[in-house]
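Every value quoted in this text rests on a predicted model; they were computed, and no experiment measured them. First listed ligand is number 1; within each ligand, the first listed atom is number 1.
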Amino acid sequence: MSRPRVLSGIQPTGSGKHLGNYLGAVRHWAAMQDENECFFFLADLHALTVTPEPAELRTRTRATTAELLAMGVDPARSALFAQSHVPEHAELAWVLGCLTGFGEASRMTQFKDKGGGNVGLFTYPVLQAADILLYQPQSVPVGEDQRQHLELTRDLAQRFNSRYGHTFTVPAPYVQRAAERIKDLADPDAKMSTSRGGPGTLWVVDEPKALTKKIKSAVTDTGREVVYDVAAKPGISNLLTILSVATGKGVEELEAAYDGKGYGDFKADVAEAVVELFAPIRERYAALIADPGHLDDVLADGAARAREVAATTMATVRDRIGLLPPRAG
Ligand code: TRP
């Protein structure tokens, strides 16, 4: 029996991947590889919507590849590739764009929140739908902020299927649990994010010293009790979440363990747990980033595997929608 297929992507922009990316997404990707046939990719075409410096984009694409491998994506079991290496993504995006209503695209909150921008940003969710549908995945592990994009993807799949005959698997979202949404340490009401950076972001390749310093300076409230209460104690609650996910211990168990102890002891333990969690990642990253040839090999192999699937889907799509096939030979 074939394994269920899973697909997900991540942008190669910003200064790297952080604790939120790891706990909320990539850790799950790594864990899914045994039971599922996985396709993971660097969304470099999506990254163009923020017009990065060319040299920077190239560097970040390799660096993100190394980070994903360091965090446990295993190229022996999963296809890891760059979106731009599989031209079918852009091709299917055009086709799906012709099935997307202007008003429908205008309702996407991410575009509205950014207050407009280029046409690429406007059609971003359509490219994302193409990324997904090409691989016929049963499920797509994403963060809560991607839920609306997944809804559009499902709508487009159903619309295409009913107009042209069954072509696409309608994928199910696999949204991470709320408890794993990591907040910024310096501003615990906002989520930890790449664009924010700064003293509240824990990068997976941070040195132990930097991690410890950021965690010890994390914003807390004036109380003394280590208890989980997002409204009254967002900072402490965030640190409890981090410690819980890093150690596998339940929040209640941790609350009991810190009963009567102060924030200082608690923060020191959170720092130790995160340092321990990231140490092997940092070590693997250092080795990987020193060998760009190997990273390029991994991406080439991943793209070859991805293209086999993508090209098959795209051939069916071209036929269904009535594009004249080019004369053979
Ligand atoms: N939009 C996603 C994000 O910012 C990245 C992405 C692009 C993606 N294409 C995808 C995620 C396809 C899942 C599936 O996180």
Side-chain angles (χ1 to χ4, degrees), residues 5-18 20-29 32 36-50 52 57 60-61 64-65 67-68 71 73 78-93 96-97 100 105 108-114 117 120-157 168-176 180-182 191-196 302-303 306 309-310 313:
R5 195 175 280 165
V6 162
L7 169 127
S8 199
I10 201 160
Q11 287 201 44
T13 36
S15 350
K17 295 303 154 207
H18 53 68
N21 299 129
Y22 178 63
L23 295 182
V26 184
R27 192 175 58 114
H28 297 294
W29 296 9
M32 294 176 99
N36 301 277
E37 182 189 9
C38 296
F39 291 82
F40 299 125
F41 70 95
L42 292 311
D44 53 355
L45 297 176
H46 278 111
L48 293 176
T49 56
V50 297
L57 179 58
R60 286 307 322 164
T61 303
T64 309
T65 305
E67 286 180 319
L68 293 179
M71 286 188 270
V73 170
S78 305
L80 175 62
F81 62 99
Q83 185 184 29
S84 66
H85 294 178
V86 183
E88 284 81 1
H89 288 245
E91 191 181 359
L92 182 60
L96 296 176
T100 310
M108 293 283 121
T109 50
Q110 224 168 49
F111 183 74
K112 286 201 290 189
D113 290 349
K114 289 194 172 138
L121 212 49
F122 185 67
T123 56
Y124 182 115
V126 179
L127 177 58
Q128 181 160 347
D131 297 336
I132 296 168
L133 298 179
L134 276 177
Y135 298 91
Q136 314 277 8
Q138 275 83 12
S139 87
V140 183
V142 286
E144 182 61 39
D145 61 337
Q146 300 297 311
R147 196 185 277 280
Q148 201 188 26
H149 292 165
L150 255 295
E151 283 307 318
L152 178 72
T153 303
R154 290 167 55 86
D155 288 347
L156 289 173
F168 294 122
T169 302
V170 180
Y174 174 91
V175 176
Q176 77 203 43
E180 292 167 17
R181 264 177 257 147
I182 306 301
K191 81 172 196 177
M192 191 176 286
S193 84
T194 309
S195 48
R196 173 182 288 261
V309 179
T313 303

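Among protein heavy atoms, the minimum distance from atom 4 (O) of ligand 1 is reached at Tyr124 OH, 3.2 Å. The protein non-hydrogen atom at the shortest distance from atom 5 (C) of ligand 1 is Gly9 O, 3.7 Å. Summary of contacts: the protein heavy atom closest to atom 9 (N) of ligand 1 is Asp131 OD2, 2.7 Å. For atom 15 (O) of ligand 1, the closest non-hydrogen atom on the protein side is Gln146 NE2, 3.6 Å.
Rounding to the nearest 0.5 angstrom, the gap separating the CG atom in Asn21 from the CD1 atom in Ile10 is 4.5 Å. The distance from atom CG of Leu42 to atom CD of Gln83, rounded to the nearest 0.5 Å, is 9.0 Å. To the nearest 0.5 Å, atom NE2 of residue His28 and atom CG of residue Leu23 are 7.5 Å apart. Interatomic distance, Arg60 CZ to Thr65 OG1, rounded to the nearest 0.5 Å: 9.5 Å.
For an aromatic pair to be called close, the ring centres must be under 6.0 Å apart, and Tyr124 with His149 satisfies this.
Of the listed residues (Gln110, Gln11, Gln128, His89), the one carrying the non-hydrogen atom nearest atom 12 (C) of ligand 1 is Gln128.
At a 4.0 Å heavy-atom cut-off, ligand 1 touches Val142 through the side chain alone. Using a 4.0 Å cut-off between heavy atoms, Ile132 contacts ligand 1 through its side chain alone, with no backbone atom that close. Neither the backbone nor the side chain of Gln83 comes within 4.0 Å of ligand 1, counting heavy atoms alone.
Counting only distance, with no hydrogens or angles, the side chain of Glu67 and the backbone of Lys17 share a donor-acceptor pair below 3.5 Å.
No option in Phe39, Phe41, Phe168 other than Phe39 meets the side-chain contact (heavy atoms from CB on, under 4.5 Å) test with Tyr135.
Within ligand 1, the atoms closer than 4.0 Å to a non-hydrogen atom of His46 are 7 (C), 9 (N), numbered from 1 in the order shown.
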